[in-house]
Amino acid sequence: MLLGVNIDHIAVLREARKVNDPDLLEAAFLSANWADQITIHVREDRRHANEFDLEHILKYCKCVVNLECSIDMIEYALKYKPSRVTLVPEKRQELTTEGGLNLHNEKLQKAIDVLKQEEIEVSLFIDPNLEDIEKSSSLNADFIELHTGLYANIYNALFTNINQTSYAIAELILSKSELQKRLEDELQRLKQSASLAKTLGLRVAAGHGLNYKNVKNIVDILEIEELNIGQSIVARSVFVGLKEAILEMKVLMKR
Ligand code: PXP
């Protein structure tokens with residue numbers, strides 16, 4: 001199973017000081033040594049990684065780069081030509097990508113076609129539901145990336161103390177048995193989505209909110225061939241270093 005490391009979380013730290021430290025290019029080199037690809041999200045508001053990072057990484061680090069961006073940012077993909085573009089929705093006010101892509105956006109088909117003409121693989125970051133899988137197939141995407149954010153939130157509510165903190169999610173302050181049921185339902189949705197996608201010839205990735213504790217259930221879904229993980233790996237790297245944090249995750253991803 002392949003691992004993409006979302007290094008834009010390292011750029012969050014850099015942007016807190018507006019200096020080139022930590023250096024994102026160094027993060028790309030290190031991650032490329034131990035993971036299978038670099039995933040980098042260039043947001044419209046440039047709150048962490050930006051197009052200069054993308055340009056430098058593609059120029060100097062001969063690694064596989066998966067660029068996450070909104071449909072309105074594909075000009076940078078066409079200019080710098082990463083191996084893959086994952087189209088994601090974006091809302092300016094969100095802390096992180098909430099929810100999957102709207103597949104009925106009238107600009108989507110054109111964006112996919114233009115990227116594919118340039119031989120850039122296209123992945124769509126979608127919620128795990130069968131309708132969106134079928135639509136992704138009809139749009140001729142190469143990959144889908146299943147949004148595991150809801151699964152991760154339920155897992156946190158069930159197995160950590162987050163509900164006793166200021167980071168609790170009001171809708172998930174539920175009894176243990178209700179949370180357990182929701183977790184099983186969400187895993188079922190992920191499994192069915194991955195299975196249908198594979199049957200339709202789509203390649204399947206997954207990501208968002210995955211960490212050292214909750215990743216196992218996702219690794220067990222055999223149709224998923226790749227995970228894109230940022231926050232938990234970068235957070236762990238503060239204590240053990242980036243190489244070790246990546247290797248620990250790779251061990252958990254072994255099938
Ligand atoms: N995949 C996509 C499409 C994302 O937007 C993100 C968030 O950067 C991730 C994966 C990684 O999520 P996390 O940082 O929660 O591991």
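Keep in mind that this is a model prediction, so the values were computed, not measured. One-based numbering, in listed order, for ligands and for the atoms of each.
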From CA spacing to verdict: side-chain contact (heavy atoms from CB on, under 4.5 Å), Leu124, Lys135: CA-CA 10 Å; Leu124 305 177; Lys135 182 75 181 158; over 6 Å; no

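- Using a 3.5 Å distance cut-off with no hydrogens or angles, the side chains of Asn66 and Glu121 do not pair a donor with an acceptor.
- Within the listing of ligand 1, atoms 12 (O), 13 (P), 15 (O), 16 (O) sit less than 4.0 angstrom from a heavy atom of Gly209.
- Taking any N or O of Leu210, backbone or side chain, none lies under 3.5 Å from an N or O belonging to ligand 1.
- For Glu55, the CD atom counts as densely surrounded, since its 6.0 Å shell holds more than 12 non-hydrogen atoms of other residues, nucleotides or ligands.
- Listed by atom number, the atoms of ligand 1 under 4.0 Å from Val88 heavy atoms are 3 (C).
- Remark: ligand 1 atoms within the under-4.0 Å shell around heavy atoms of Gln231 are 13 (P), 14 (O), 16 (O).
- For the pairing with Asp185, the side chain to side chain donor-acceptor pair (under 3.5 Å) check across Arg182, Arg189, Gln188, Lys181 returns one residue only, Lys181.
- Contact between Ser232 and ligand 1 is absent, with no heavy atom of the residue lying under 4.0 Å from the ligand.
- Within the 4.0 Å heavy-atom criterion, neither part of His147 lies near ligand 1.
- Every atom of ligand 1 is numbered from 1 in the order shown, and the set under 4.0 Å from a heavy atom of Asn228 is 10 (C), 11 (C).
- The atoms of ligand 1 that sit less than 4.0 Å from any heavy atom of His9 are 8 (O), 14 (O).
- Note on Arg84 versus Glu226: salt bridge recorded, some NZ/NE/NH1/NH2 to OD/OE distance being below 4.0 Å.
- Lys18 and Glu15 are joined by a salt bridge, as a carboxylate oxygen and a charged side-chain nitrogen come within less than 4.0 angstrom of each other.
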